[in-house]
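Written out below as structure tokens is the structure these notes cover.
Predicted model, so just to flag it, every value in this text is computed and none were measured. Lettering of chains follows the sequences in order, A, B, ..., and the numbering in each one begins at 1.
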Amino acid sequence: GESVGLHLPTLSVQEGDNSIINCAYSNSASDYFIWYKQESGKGPQFIIDIRSNMDKRQGQRVTVLLNKTVKHLSLQIAATQPGDSAVYFCAENQAGTALIFGKGTTLSVSS
Amino acid sequence: DTAVSQTPKYLVTQMGNDKSIKCEQNLGHDTMYWYKQDSKKFLKIMFSYNNKELIINETVPNRFSPKSPDKAHLNLHINSLELGDSAVYFCASSQSADSPLHFGNGTRLTVT
């Protein structure tokens, strides 16, 4: 399943599918990007980050892709599990400023 | 051993009251933040402190006053509470401005 375009507020996938959550960032001078996961009643939790000198970074079951040309960031989750259900936020940071968060995407995983 | 802890978790109060939210981090980080999350889940930076000094102060009403007694604590005091202040407030900390933020679990403020 994939959220396409600038932003889709919700994404529903089946357990075991790969999920792709997309994000468009606003500031071409941003040089650090982070994906966060927020579960109900909790604070945002760090998933993975990437700096502007890279275009891809992999973690455990997650991959972040950065396309600076079109100011686009994506989070890929492999073999999505029910525990992945949460709100996902991308965030950008320009040196010397605070993290600016994008609108969240709610991922729902059905088994 | 909670890394970033904030109290209280829930705060229900009436318009016009003054309230405080406390935040402590045991990560040894130099920078602390307050973010506000509205009903649409949008997270917005309010303040940032580095080693007890105010670094970022977004366009927040001056009814909101952060206080950092030491670099492990950043408290938020709100005067004359208004209905529009109802939100979830998150404290966070980071080692530096370009490293990941660690968030607390939020304080849900409801103003009636």
Side-chain angles (χ1 to χ4, degrees), chain A residues 3 6-11 21 23-27 29-54 57 59 62 64 66 73 75 85-108, chain B residues 2-10 21 23-25 27 29-50 53-60 66 74 87-110:
Chain A
S3 77
L6 285 179
H7 172 253
L8 266 188
T10 61
L11 176 63
I21 301 172
C23 176
Y25 63 92
S26 55
N27 192 338
S30 292
D31 55 9
Y32 180 54
F33 305 87
I34 306 182
W35 279 100
Y36 280 91
K37 172 186 181 183
Q38 186 178 20
E39 295 173 291
S40 181
K42 295 187 177 179
Q45 207 179 352
F46 171 83
I47 303 173
I48 192 167
D49 58 1
I50 189 167
R51 298 195 185 271
S52 58
N53 60 353
M54 302 173 72
R57 191 155 187 236
V62 294
V64 55
L66 174 62
L73 195 65
L75 176 71
S85 294
V87 181
Y88 289 81
F89 294 94
C90 64
E92 62 181 300
N93 177 269
Q94 183 185 355
T97 67
L99 273 184
I100 306 299
F101 283 77
K103 296 177 186 177
T105 294
T106 300
L107 176 65
S108 299
Chain B
T2 307
V4 181
S5 59
Q6 50 183 113
T7 55
K9 187 168 175 63
Y10 300 98
I21 307 172
C23 179
E24 175 181 4
Q25 54 97 3
L27 296 165
H29 287 165
D30 288 338
T31 310
M32 294 186 73
Y33 310 81
W34 278 106
Y35 277 81
K36 179 180 180 180
Q37 187 171 47
D38 63 21
S39 58
K40 295 182 180 175
K41 299 283 190 187
F42 185 60
L43 271 161
K44 189 169 173 28
I45 179 72
M46 298 174 69
F47 301 102
S48 168
Y49 268 71
N50 184 271
E53 288 190 21
L54 181 64
I55 301 298
I56 293 172
N57 182 352
E58 290 296 308
T59 49
V60 176
L74 181 62
V88 182
Y89 292 84
F90 285 99
C91 177
S93 72
S94 67
Q95 184 53 53
S96 63
D98 63 348
S99 57
L101 270 62
H102 296 252
F103 283 85
N105 281 326
T107 295
R108 181 174 291 277
L109 171 65
T110 303

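The minimum heavy-atom distance between B:Cys23 and B:Val4, with the atom names listed, is SG-CG1, 3.8 Å. For the pair B:Pro66 and B:Leu74, the tightest heavy-atom approach, listed with the atom from each and the gap, is CB-CD1, 4.1 Å. The shortest heavy-atom contact between B:Gln6 and B:Ile21 is NE2-CG2, 4.3 Å. The heavy-atom pair separating B:Thr31 from B:Ser96 by the smallest distance is OG1-CA, 4.3 Å.
Within residues 32-40 of chain B, the residues that have a heavy atom under 4.5 Å from a heavy atom of chain A are B:Tyr33, B:Tyr35, B:Gln37, listed by number.
Formation of a donor-acceptor pair under 3.5 Å by the B:Gln25 side chain with backbone atoms of B:His29 is found in this model. Of the possible polar contacts, none joining the B:Asn57 side chain to the B:Phe47 backbone as a donor-acceptor pair under 3.5 Å is found.
Only the side chain of B:Ile45 comes within contact range of chain A, with heavy atoms under 4.5 Å apart. In this structure, no portion of A:Gln45 lies under 4.5 Å from any heavy atom of chain B. Heavy atoms closer than 4.5 Å to chain B are found in both the backbone and the side chain of A:Leu99.
For the options A:Phe89, A:Phe46, A:Phe101, heavy-atom pairs under 4.5 Å to chain B are most numerous at A:Phe101. For chain B, the option among A:Pro44, A:Gly102, A:Gly41 with the highest count of heavy-atom pairs below 4.5 Å is A:Pro44.
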Apply the test side chain to side chain contact (heavy atoms under 4.5 Å, CB included) to residues A:Tyr25 and A:Ile100: give CA-CA distance (whole Å), side-chain angles for both, the deciding distance (0.1 Å), then the verdict.
-> CA-CA 9 Å; A:Tyr25 63 92; A:Ile100 306 299; over 6 Å; no

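Between A:Trp35 and the options A:Val62, A:Ile21, A:Asp49, a side chain to side chain contact (heavy atoms under 4.5 Å, CB included) holds for only A:Ile21.
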